[in-house]
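Below you'll find the structure, written out as structure tokens, and then a few comments.
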Amino acid sequence: MPLPVVAIIGRPNVGKSAIVNRLARVQEAIVFDQPGVTRDRTYKKAYWEGRDFHVVDTGGLVFADDTEFLPLIRQQAMAALADSCAAIFVVDGMEGITEADREIAGWLHRQQVPVTLAVNKCESVKDGITQAVEFYELGWEAHPVSGIHGNGLAEVLDDVMQHFPPESEEPDPEEIRVAIVGRPNVGKSSLLNSIAGENRSIVSPISGTTRDAIDLLVERDDIHYRLVDTAGIRKKKYVEYGPEFFGINRAFKAIDRADVVLLVLDAVEGVTDQDQKLAGRILEEGRACIVVMNKWDMVEKDTYTMIQMTEEVRSRLHFTEWADVIFTSAVTGQRVEKIFDMIKPAADQHRRRVSTSVINEILEDATSWYSPPTTRGGRQGKIYYGTQVSAQPPTLALFVNNPALFGDTYRRYVERKVRESLGFKGTPIRILWRGKKVRELERGANRATRVK
Ligand code: GDP
């Protein structure tokens, strides 16, 4: 489960980073190396009263201290806020209230995120209280703090922590988390309504791990499905964030939280660049996927249309060729329930574990049909043995004499062989090619069947 995130918000030069560093105590920022919302901001891990959390500093950019730059600050702050369960609004106690503080305060009051106001640079306890009093005008209790010395931060953190989600919100391991993603207007919310509207489904909204991410629980055949971040599908009122933000970034985050992603496409329009981008993310994140061609009722069709369209999906979304394709109409309800017949097996494959001996039989077979390549210098690639190192998605490590001896063609061949034998329908798989020292190999070989 992702850690709670606390956003630090304020105009430049009020001492946000001193506060972040104080809270985090580690000077090194965790910079997520995945594309998406988290890219331009630094998250630092912090700990207070038994809870780990992340602090995100919105001050990564340097602005002139001028209201002209408010839109930019706001943009950064908004992106950070979307992840956060609470915000610390930092102001400068030595300087007093500025126009920019008032603007930010006004905006924060409209964001429905719990705010704790920290009046920084209040080093002296006595003067600090006097300095802080002025800031009550902004509409919150003003806590005098010193980012440099650390005083006052305990009170701020106590306040912030009240807004953390309860720790018991661990996901049920038996539950399948499903994200519905796709371009605007492909019919995501219609599908959601069709799914949630069924009388036999138990529907209960539960707040997700991030503020605003409303999850829906539905049940089919005793299996619980958590539809993640349905708020991102239903809500259109967040126009302030801009379509890009709630489009692709929100979709990316939903993908990150899911086991299985329903990638919804408009069957009338076919595969677009944005669909490819989403499919790419699904693969990168290693999520199971089902391609849902929606608005099937609007497609003029003959006997071959479905086959042709499946072909198109397979070739244009070739990196998800393992995914099932289903043709639905959210309006008539056609095949909407059938999606669940695909989700369950895909989730099972995603979680599947295969024994080392089975993997090595497959490798042995693969290498005997087609030997690993040999370099001009006569060096031949050798696969010693393979084993599944993790699931979700299934990840195999193949221990070889030298990974550089295995080119893309051979790697693809092995992956194809693995898929032919093991299926893994609906899920991406990962194959890691690892070089190994001889002694470790001997040890490994005792545990596993040795291949060639
Ligand atoms: P979202 O932005 O992906 O959530 O898309 P919506 O669910 O809001 O749908 C956009 C429009 O397409 C609406 O006018 C829907 O009524 C329509 N729509 C959605 N699904 C279907 C479908 O399967 N068939 C038809 N004919 N229209 C659909």
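Nothing here was measured: the structure is a model prediction, and the numbers come from that model. Ligands are counted one by one from 1 in listed order, and the atoms in each one are counted from 1 as well.
Cation-pi contact between R220 and F340: present, with separation from the ring centre below 6.0 Å and deviation from the ring axis of at most 45°. The side-chain tip of R335 does not point at the ring of F327 from less than 6.0 angstrom away and within 45° of straight on.
The closest approach between a heavy atom of Q334 and any atom of ligand 1 is not below 4.0 Å.
How far CD1 of I88 is from CG of D159: 9.0 Å, rounded to the nearest 0.5 Å.
The closest side-chain donor-acceptor pair between T332 and D297, if any, does not fall under 3.5 angstrom.
Heavy atoms of D297 found under 4.0 angstrom from ligand 1 belong exclusively to the side chain. Contacts between K295 and ligand 1 below 4.0 angstrom, taking non-hydrogen atoms only, involve backbone and side chain alike.
With sequence neighbours left out, W322 forms a ring pair (Phe, Tyr, Trp, His ring centres under 6.0 Å) with no residue at all. Among residues two or more places apart in sequence or in another chain, the side-chain contact (heavy atoms from CB on, under 4.5 Å) test is passed with E415 by R419, I429, I431.
Inclusion of G187 in the set of residues having an N or O under 3.5 Å from an N or O of ligand 1 is warranted. At least one N or O atom of K188 sits closer than 3.5 Å to an N or O atom of ligand 1. The N/O atoms of A330, backbone and side chain alike, include one that comes under 3.5 Å of an N/O atom in ligand 1.
When each atom of ligand 1 is checked for a heavy atom of V186 under 4.0 Å away, the hits are 3 (O), 5 (O).
Of the candidates V331, V299, V264, V336, V331 brings a heavy atom nearest to atom 27 (N) of ligand 1. Closest heavy-atom approach to atom 7 (O) of ligand 1 within the set S190, P184, G182: this belongs to S190.
In this structure, the side chains of L117 and V156 stay at 4.5 Å or more apart for every pair of heavy atoms.
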